[in-house]
K.L.:
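Input: one structure, supplied below.
Whatever order the structure lists them in is the order used to number ligands and atoms, beginning at 1. The shown structure was predicted, so the numbers you read here are calculated from the model rather than taken from an experiment.
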Amino acid sequence: MPGICVSVARTRHKMMIAEYKAAAEQGADLVELRLDYLRREPDFGRLLRERPAPVIATCRRRDEGGRFSGSEEDRKRILRLAIAQGVDYVDLEADIADEIPRYGKTKRIISYHNFETTPANLKLVVRHLESLDPDIIKVVTLATSPKDNVRVLELIRETKVPTVAFCMGELGVPSRILCGKWGAPFTYAAFNPQRLLAPGQLTFRQVRDVYHFHQVTRNSEIYAVIGDPIMHSLSPHVHNAAFRHLGIDAIYVPFRVTRDQFPTFLEDVEPLKIRGFSVTIPHKESAVTKVEYADGAVRMVRALNTLVRRDGYWEGHNTDYRAAMMLLESRAAAPAGTRQPFGGKRALVLGAGGVARAIVFGLVRRGALVTVCGRTLERAAALAKEAGARHIPWQQRTGVPCDILVNCTPIGMFPNVDECPVPPGYLEERMLVFDTVYHPENTLLIKEARNRGCQVITGLEMFVKQAVLQFQLFTEQEAPEELMLAVARRELAMTDTTAATAKGQGTSEDAVV
Ligand code: NAP
């Protein structure tokens with residue numbers, strides 16, 4: 001079973017020892033003490049007195065991403081002392097490994113870091129590390145493309161010595177999570193979310209509780225979400241929780257993929273044999289060109305949010321569309337005398353982007369008289385024309401009466417929670433109000449609509465429903481919807497707490513990149 005090594009980087013011994021103990025109590029398999037962060041000479045008597053978990057001693061100089069500001073001779077002396085004190089592992093960069101001999105039971109991690117790129121000659125680098133008497137090899141590079149994840153992961157299987165290899169940066173996050181599946185003995189995580197030590201580093205809680213790193217096996221199926229930005233996506237939380245709940249051996253990771261990288265992305269990560277993708281901004285339209293089969297919603301809206309690998313080809317689905325329509329149909333009773341769910345109802349859709357597109361097409365198809373109201377008139381006009389709706393300028397949005405109001409703009413989204421896309425006085429009890437914004441769940445629009453007795457649909461309901469439908473396409477199993485909703489709610493609450501804490505913290509004892 002792969003383990004998690006928690007890195008502890010504090011300037012004071014007292015705090016380093018406290019975090020070391022807390023990490024061990026919370027289940028860290030290994031703790032890396034970043035001696036280079038200590039303001040004073042390490043006191044190993046104090047640091048190692050209790051030894052609640054096996055320890056890696058690391059003392060990184062500045063050009064290797066560390067904080068040590070003394071001389072190289074001093075640094076080597078500290079590392080020798082750590083070995084003499086019997087630390088379980090010592091981390092030695094390749095250029096000093098020869099000068100610090102093996103002694104006692106301390107195992108040697110011979111490490112290579114590259115903060116600029118994932119170099120072409122990785123295999124040569126590894127051959128060199130192998131020649132330096134390692135017990136473990138550590139290779140950490142900066143990912144400049146999603147493909148770099150594949151390159152470092154392949155290294156793990158090709159190397160004779162146990163190898164920890166992953167990429168830094170947001171583009172490298174998948175490799176931090178997947179390295180266990182490829183055979184790395186452990187991955188690294190930060191203890192404290194406010195003190196990340198390297199770009200793209202995940203916290204212990206994320207690696208253990210969101211990605212279930214301990215449970216990842218060689219056979220785990222991989223699923224992913226792709227988009228840009230992607231790091232705050234709720235999708236890994238809800239999908240991984242559902243996999244665990246149902247005992248499915250699968251892992252779901254976030255891939256940041258820029259527009260430029262998307263055209264070759266599926267081929268770039270083909271060796272990972274990813275079974276399915278959630279697709280988000282900005283790739284929903286361009287992904288349509290990648291599928292051999294597109295469902296009816298994708299063909300109508302010309303955008304998708306789900307890719308599923310079938311025998312050798314990709315299938316495209318639009319569960320945003322299906323989720324929104326299911327929710328609307330469940331809340332709006334079909335008028336008497338019509339079989340169309342929204343026959344004759346007047347719908348006002350605010351926004352003319354991707355989500356508006358799916359909802360406008362769906363409402364028109366179900367018989368609603370749709371008005372699109374967009375900030376950019378031409379965009380609203382084009383969507384309305386294509387879908388068979390009408391359009392009005394943004395300033396006139398409260399000038400038309402409606403039965404169904406749908407907000408498809410980001411107005412009201414965190415942190416602008418005091419904004420509402422229409423004046424509350426516009427809302428009437430008979431209306432169905434759907435806000436696609438899901439952070440927060442109870443936007444000002446939703447609160448005002450509830451206050452006036454309107455039926456409401458929240459963006460979080462839509463988010464979870466599209467994830468549920470996606471999960472069913474991925475696994476052909478019923479998704480645990482209530483659990484997924486509870487996980488999404490909990491995660492949003494934690495995001496708010498973290499943001500509030502970060503805001504209130506100001507300068508910290510030892511602010512970290
Ligand atoms: P998008 O393609 O970027 O479209 C956003 C639309 O909102 C555009 O029409 C834009 O106007 C308009 N807009 C942006 N800021 C505005 C402002 N200050 N005033 C008026 N209009 C404004 O984004 P999308 O993918 O459609 O997403 C729209 C919203 O849906 C997101 O903010 C998100 O909260 C929500 N969403 C929810 C789910 C879910 O599952 N619940 C999923 C995806 C998205 P222009 O045309 O002038 O640019």
K.L.:
Does NZ or CZ of R310 come closer than 6.0 Å to the centre of the six-membered ring of Y313, within 45° of the ring's axis?
P.N.:
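No cation-pi geometry.
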K.L.:
At a 4.0 angstrom heavy-atom cut-off, what protein residues surround ligand 1?
P.N.:
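Residue list for ligand 1: I281, G351, A352, G353, G354, V355, R375, T376, R379, W394, C408, T409, P410, I411, M413, T436, V437, Y438, G459, M462, F463.
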K.L.:
Any Lys/Arg nitrogen of E461 or R331 sitting under 4.0 Å from an Asp/Glu carboxylate oxygen of the other?
P.N.:
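Salt bridge flag = yes for R331 with E461.
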K.L.:
Are R34 and E19 ion-paired here, with the side-chain N under 4.0 Å from a carboxylate O?
P.N.:
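Salt bridge: no.
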K.L.:
Please determine which of D320, N318, T306, N305 meets the side chain to side chain donor-acceptor pair (under 3.5 Å) test together with K284.
P.N.:
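In the set D320, N318, T306, N305, the residue that makes a side chain to side chain donor-acceptor pair (under 3.5 Å) with K284 is D320.
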K.L.:
Between K147 and E270, does any side-chain N to carboxylate O distance fall below 4.0 Å?
P.N.:
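Not counted as a salt bridge, because no side-chain N and carboxylate O are separated by less than 4.0 Å.
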K.L.:
Do side-chain atoms of T187 reach the backbone of R176 as a donor and acceptor pair under 3.5 angstrom?
P.N.:
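Looks like yes, one N/O pair under 3.5 Å.
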